Each structure stands twice: as C-alpha cells, then as structure tokens.
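Predicted model only: the values in this text are computed from it and were never measured.
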Amino acid sequence: MGRCSSKPCCEISDVTTFPESRLISVQPVIDEDLTTVPPTLRRDEIISDLSKFRKVDNYAAKAPKSTDLSVHNLAKYLTKASKTNLGRVRAFYYWICHHVELDVRSFLNNYKKPVAAEFTMHTKVALSYGYAELFAELCRLTDIPVRTLYGYLKGYGYNPSKPFKYTQQTNHAWNAVHVVGQWCLIDCTLGAGFVNDEGHYNREFENFYFLTDPNQLISTHFPYMDKNKRESKAWQLLQKPLTLQTFNKNVKRTIKSFQWGVDLVSHKEAVISVTMSATVFIKGTSRMLSNVSARLTDTGGNVHKQYTLVQNPDHNLFSIRVRPPSTGKFRLTILGRVDKNDATLYAVVSYILRCRQTERKVYLYPKHSGVWRSRSDYKDFGFHAGVDSPLIMTPKDGDLELTLNKTKDFTVTFRVAYSESTIKNLENYFLVENNGSALLIRGRFPEKGFYKLQIFCKTDSGNFEPVLLYLIDCTRHATENASPFPAMYSSATEYHCQLLEPLMRELPEESWVIIRFRSRDIIKAVVNGRKIEKGNGGVWRAAVRTSTAGGSLRIAGTKDPKGRYWVLYEFTIVKGPNSMELEDVLTARSNMSQPPVTQRSENQSTQKTHRGILKRSIKEKTVIISK
C-alpha cells in the first residue's frame, strides 16, 4: 500500500475517528473482466441533477450512533439508502464527508503553518488514506468493485516550480469505483473540506469530487501505485494519459474554473517566463463571467497592487496583463465570479511568473477594482456605438483630444486619477465640453505614467453614474510644461460652448489676448463686463487687454435677451513675459476683420467699478464640470 509523504496532504489534513487498527488496508477483489478503460459517460450525463440524491443524502445524514461501532454496521445501514450501487456509493460519500471527525482540526487551526506541517507518521497514515480506505471497505462489504488509488496531489502548499518526482513518496489517496457500467473517480478527502490560504482547515462539503470527470481530476491528481508506472497510468482513465512531466507542467485548475467552463486560452502551463510584461487570456464558455480580477504576490506573500490590468476585449473573453515590479518569482492568481449579486471573487487559476527583465521604470496602473471596461449599456445613455474603444489611449506628446459622438443631449461630468502620485488639482488639466452632438475632451498630462479617465452621466433620478472608462498611457510622453485649462462652469455645458482660445488658465498681466469661443445657444456675450460680437461661423471673438496680476478675466453669456449673464470660463491674471512681445505674437495670430476693441489698462478704481458691475449683472451657476 502506498504511504504518506513526510508532509501532510496538500489540500486537506484530516483523520477519521476510527483507530488505525480498524482501517482495513487490503484491496477489495476486482473482477478481472472489469478492465481499466476510460469512462464513456460524463458526470453530467450520469447525474444531471444532484437533487436526485436528496433522499439518499437525508438517509445517510440520519445514521444512528450504533453505526459508529463498526464498519460492518455502517455498511449495513448505508446500503439500505438505495437499491442501486450508484445510490449506495453516494450514501458512502455523503456520510464520510459529513460524519468523519477531524482529530487534527484544532491542531491545524491553532498553530502556524510551519508548525502544522510537523505531523507524526501515525497521524499521516490516518489522513486522506483513512478516508479512501474507509470508502473502499464500505464498497467491499457491499460487493461494489472499488480501487484505492495513491499518487501525487497539487493541493494546499503546492509549488509548480518544485515538480513531483517518482522518487518521492505519494501524498494523497482517492478511489475509483465501478458503477453504471464504468469506472468513476471519487475523492472523499477533498469532498469533506479544504485548507484555506492561511493554512486553516474549513469543513465544507463539495459535490465536485463525487464522480469527477477524469479529464478534470487529472489537473490535480496523478496516480502512482507500487512504483508501477504502466498500471498507474491506466488509472488516470484517460484516452491519452499524461506523463508525470506533463502533469507537473500543466497549470492547476480550480473547481470554479471547471464549473464555469473557463477556457485557458493562452497559457496552459503553470510557469510563465516574463520579459517586462505578459498577457494571459481566459474565456468563459458555459457561464458568463460577470467580473474578473487578478492578484500579484511575491515569494514572501506580499501583494503588489496596481501591477495588473484586466480587460474585456470581447464577449466573455478577458485579458490579464501583468507588469512585475522587479525581477524574480511572483504568483499571479486570477479570480472571478458569475453571479453579479455575489460579492466574493473566487480563484480560477494560478500561475508562477519568472520575471527576467523589467521596464526601466515600472509605472503603476491607477487604482481600479475588477475589469477595465465601459458599461455595456453606454448607448442607452445617448452615446454612439464605438465610443468605448479604444480602452487604452496613447496621446501624442502627452496631449489628448477626444470626440465622443452622441445621439441625444444629456448632462455629464468626469473624474481623472493619476497612478503614481497626487498631482494638485489634476482636473484642471482636462476640459470636457458639450456641443450637443458630441463631447469634446482635451487633456494635458504633467507627468509620465498611467491616467484613469471616467465619464459620468446623469440619470433620471438625478445621480451621476460611471459609464465610460479609459486608460491613458503617458509612460513615454508627458505634456511639456503642462498648464491647466481655464476654469469651466456648468453654464458652458448647458449653453453648448466650446472654447477655442486661449486654452491656458493663467494669462500674463497687462497683455493683449485673443478670446474665441463657439456656442449655438448664446445670443449675448461679455468679457469682464464688456460686450463682444459674434463673427463668421458663429464664433464669438474679441481682443482684450489683461489687468495687473492678481485679477481675473471672465467670459459670460446669456441666451435670454433680457436675462442675466452666466459665467462660462474664468482665467487668472499672473505676472508674465514682456507684454509687448506677447502683444505682437497675438496680434499677428488674430487676423481679425474688424479692429480690436481698445481696452486700457485699468487702474484700481476702474477695477473696483468692474467688479461691482460683475456682481450685479453676472451670476455664476453651480459647477458640474469644474477645472
């Protein structure tokens, strides 16, 4: 009989209440006609609905105390649960998974993992081997063909960079049982519970290990009995059995990955070599994945956040890009869920990354939970199809100009985040305007790195919900000497304004500047209280001279002939370059058909008078998109 290794079972460490002397280690006799061939029926073809076992499970759950006195009493009782061998096997599996006590449970839960790994040989013999042999003995006593299988398990603590070798002792045991005319696989040990990431045992019944399909169980179970490779290989029950080398290379799949039909599109081996970055693709087949996330940890268990980017480029296809922060080994765990109402993310697959080279500067991705994608129903809010693509944008020279076409008019706002540090008043480097048929977005990026841009739309309830999401890649280029955009008020959005120039918030003192903006709604406009005229193409334009440093310049307008003026844009007057040089440049650029409006430099009394006029005639609206 195979023996436990010097370490406990990888996935679970548990022991029966039956003394070791009462565990019958003799293999049940197997009919020679029952050849070891792969099954013809899949699990879901045998048991399409587990509820069919409800009566059998209830019967097994009510086993009297007298059944604890001997295996014979237990077998006699459980056999009456069903008239079929399949039903009896189910009763054995259910009873063992629910009723076998765990003598080492408190030991596992109360001590640290390094201590918990120090078991005596007496304890190890009664771990998964006790479960498997108890199941085999119940089958033998009821004349059901059974075989106890020993081998290697990719369980708790499994490290794919340390492959199993035939020279190692086996570390797990499970069963093959002959029912419904074929051999089927059962693991009562893992059906009873599991050891979590913290090394604590959780008792939790799992149906997955009852009649598990061989092509799924081989992800974690490799049979190797009596040092006989040929015979052991047959008990994989596969048309094309794996070698131990291939078993070691293949990635360990989780139960959820099989239940959800997750296809490992790009990487099926456990270890991935990485040069600067790697991208893993997975796809849901039988179930729609509602969310996918990724966790990167180093060999010390430290989590490295913001080095993974999860995208959803196609229907139920997900890409996970990882950029390790340094060379060395890392573990990449991909998590997901299918139920939108379930807040828990479950492990789907885990890889070991061997990073040989990193980027010169590894920039962080902005903080984001789950998948980087826009809402699938963004068109319902009034956007044209295609505005959600591309998700990742790389502005030329660090300047962004983006047009998002719309099918209807609606109110929006935005939020922008930087991954590396806090840039003061980052929103001031973005200008989001609404001309009615499109959103016009302009951005400047003061530092290299990744930026996150979200567009929020106002709902019927008055709330703003995130609809569009973009990642701005400025890792190679940032905006040289980036300056903030002018402050923009909600009235500019309401009146469908587009500022043409100037496009900087700070204007030099006592200098001529050209003002140009476009609006389909405004019928009257002023700059610091002085009226300006609309020219060709519906463009409002004027040449004005700024005041001394410390003041401001405001553009205001109204669509009501007798109504108030509302502030559209505001500029700050600062000490700047030589005003004559700037005046010459602006005059050359203006090419105005009419001579510019002459505005003398204001003295203090004039400035006070203008401020009084503005207070009486111009009212500011609450900011929705503020810069």
Side-chain angles (χ1 to χ4, degrees), residues 10-12 38-39 41-54 57 86 89-90 93-94 97-98 153-156 158 172 174-175 180 184-197 202-222 236-238 247 250-268 270 280-295 310 312 315-318 320 332-351 370-371:
C10 297
E11 188 75 11
I12 182 172
L41 296 175
R42 298 191 309 273
R43 180 180 188 266
D44 58 1
E45 294 174 323
I46 301 172
I47 46 172
S48 57
D49 185 4
L50 284 168
S51 64
K52 67 183 293 184
F53 293 121
R54 187 175 293 120
D57 294 348
L86 177 60
V89 167
R90 172 67 181 190
Y93 178 81
Y94 189 90
C97 292
H98 283 85
L153 172 73
K154 296 177 181 178
Y156 169 71
Y158 166 69
H172 196 63
W174 60 101
N175 298 100
V180 296
C184 298
L185 299 173
I186 285 178
D187 190 335
C188 295
T189 309
L190 303 189
F194 65 97
V195 177
N196 63 20
D197 292 341
N202 289 340
R203 179 132 194 158
E204 183 177 306
F205 178 67
E206 178 55 68
N207 274 305
F208 177 79
Y209 294 103
F210 178 68
L211 309 186
T212 314
D213 287 330
N215 65 325
Q216 297 181 355
L217 198 66
I218 194 61
S219 173
T220 51
H221 294 60
F222 187 88
Q236 294 179 27
L237 300 182
L238 295 172
F247 173 77
N250 287 351
V251 68
K252 173 188 172 184
R253 301 283 296 266
T254 66
I255 295 175
K256 294 298 184 184
S257 73
F258 289 120
Q259 291 175 337
W260 298 341
V262 176
D263 179 20
L264 306 183
V265 178
S266 61
H267 293 77
K268 295 178 173 57
V280 177
F281 289 87
I282 66 171
K283 185 175 184 179
T285 56
S286 60
R287 301 288 298 275
M288 176 69 71
L289 299 173
S290 65
N291 197 7
V292 173
S293 184
R295 181 174 64 236
V310 182
N312 185 200
H315 178 71
N316 223 12
L317 175 69
F318 295 84
I320 299 91
L332 174 66
T333 303
I334 300 174
L335 309 99
R337 63 168 173 257
V338 295
D339 186 355
K340 293 182 179 180
N341 298 320
D342 188 351
T344 305
L345 288 169
Y346 303 90
V348 174
V349 67
S350 181
Y351 296 95
V371 183

S.K.: Kindly say whether the aromatic ring centers of F53 and F210 come within a distance under 6.0 Å.
M.R.: yes

S.K.: Indicate whether the side chain of H172 and that of D187 have a donor and an acceptor atom separated by less than 3.5 Å.
M.R.: yes

S.K.: Report yes if some heavy atom in the side chain of R43 is under 4.5 Å from a heavy atom in the side chain of N207; otherwise report no.
M.R.: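 Answer yes - side chains close enough.
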
S.K.: Between F205 and Y93, is the gap from one ring center to the other below 6.0 Å?
M.R.: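 Aromatic pair counts; centres sit under 6.0 Å.
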
S.K.: Does E45 have any salt bridge (Lys or Arg N to Asp or Glu O under 4.0 Å) partners at least two apart in sequence or in another chain, and if so, which?
M.R.: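 Checked E45 against salt bridge (Lys or Arg N to Asp or Glu O under 4.0 Å); matches are R42.
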
S.K.: For the residue pair L317 and V265, establish whether any side-chain heavy-atom pair is separated by less than 4.5 Å.
M.R.: yes

S.K.: Contact between P214 and P39 at the side-chain level, heavy atoms closer than 4.5 Å - yes or no?
M.R.: yes

S.K.: Do N291 and L345 have side chains that get closer than 4.5 Å, going by heavy atoms?
M.R.: yes

S.K.: Mind checking ring pair (Phe, Tyr, Trp, His ring centres under 6.0 Å) for Y346 and listing every partner two or more places apart, or none if nothing turns up?
M.R.: none

S.K.: Heavy atoms, side chains only, cut-off 4.5 Å: are S219 and F258 in contact?
M.R.: yes

S.K.: Just so I know, are the side chains of D263 and I282 near enough to count as touching, which here means a heavy-atom distance under 4.5 Å?
M.R.: no

S.K.: For D339, enumerate each residue passing the salt bridge (Lys or Arg N to Asp or Glu O under 4.0 Å) test, keeping only those at least two apart in sequence or located in another chain.
M.R.: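 In terms of salt bridge (Lys or Arg N to Asp or Glu O under 4.0 Å), with neighbours along the sequence ignored, D339 is linked to no residue.
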
S.K.: Within a strict 4.5 Å, meaning less than it, do heavy atoms of the L289 and F318 side chains meet?
M.R.: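 L289 reaches F318 side chain to side chain.
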
S.K.: Please report the C-alpha distance between W260 and M288 in whole Å, then the side-chain angles of each, then the deciding distance to 0.1 Å, and finally whether the side-chain contact (heavy atoms from CB on, under 4.5 Å) criterion is met.
M.R.: CA-CA 8 Å; W260 298 341; M288 176 69 71; over 6 Å; no

S.K.: With the side chain counted from C-beta on, respond yes when L86 and L211 share a heavy-atom pair under 4.5 Å apart, and no when they do not.
M.R.: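 L86 vs L211: side chains touch.
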
S.K.: Once salt bridge (Lys or Arg N to Asp or Glu O under 4.0 Å) is applied, do any residues pair with D213, and if so which ones, sequence neighbours excluded?
M.R.: none

S.K.: How would you list, by chain and number, every residue that makes a side-chain contact (heavy atoms from CB on, under 4.5 Å) with V251, sequence neighbours excluded?
M.R.: R253, L264, A270, V349, Y351

S.K.: Among residues at least two apart in sequence or on other chains, which ones pass side-chain contact (heavy atoms from CB on, under 4.5 Å) with S290?
M.R.: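 With neighbours one apart ignored, the set is R337, K340.
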
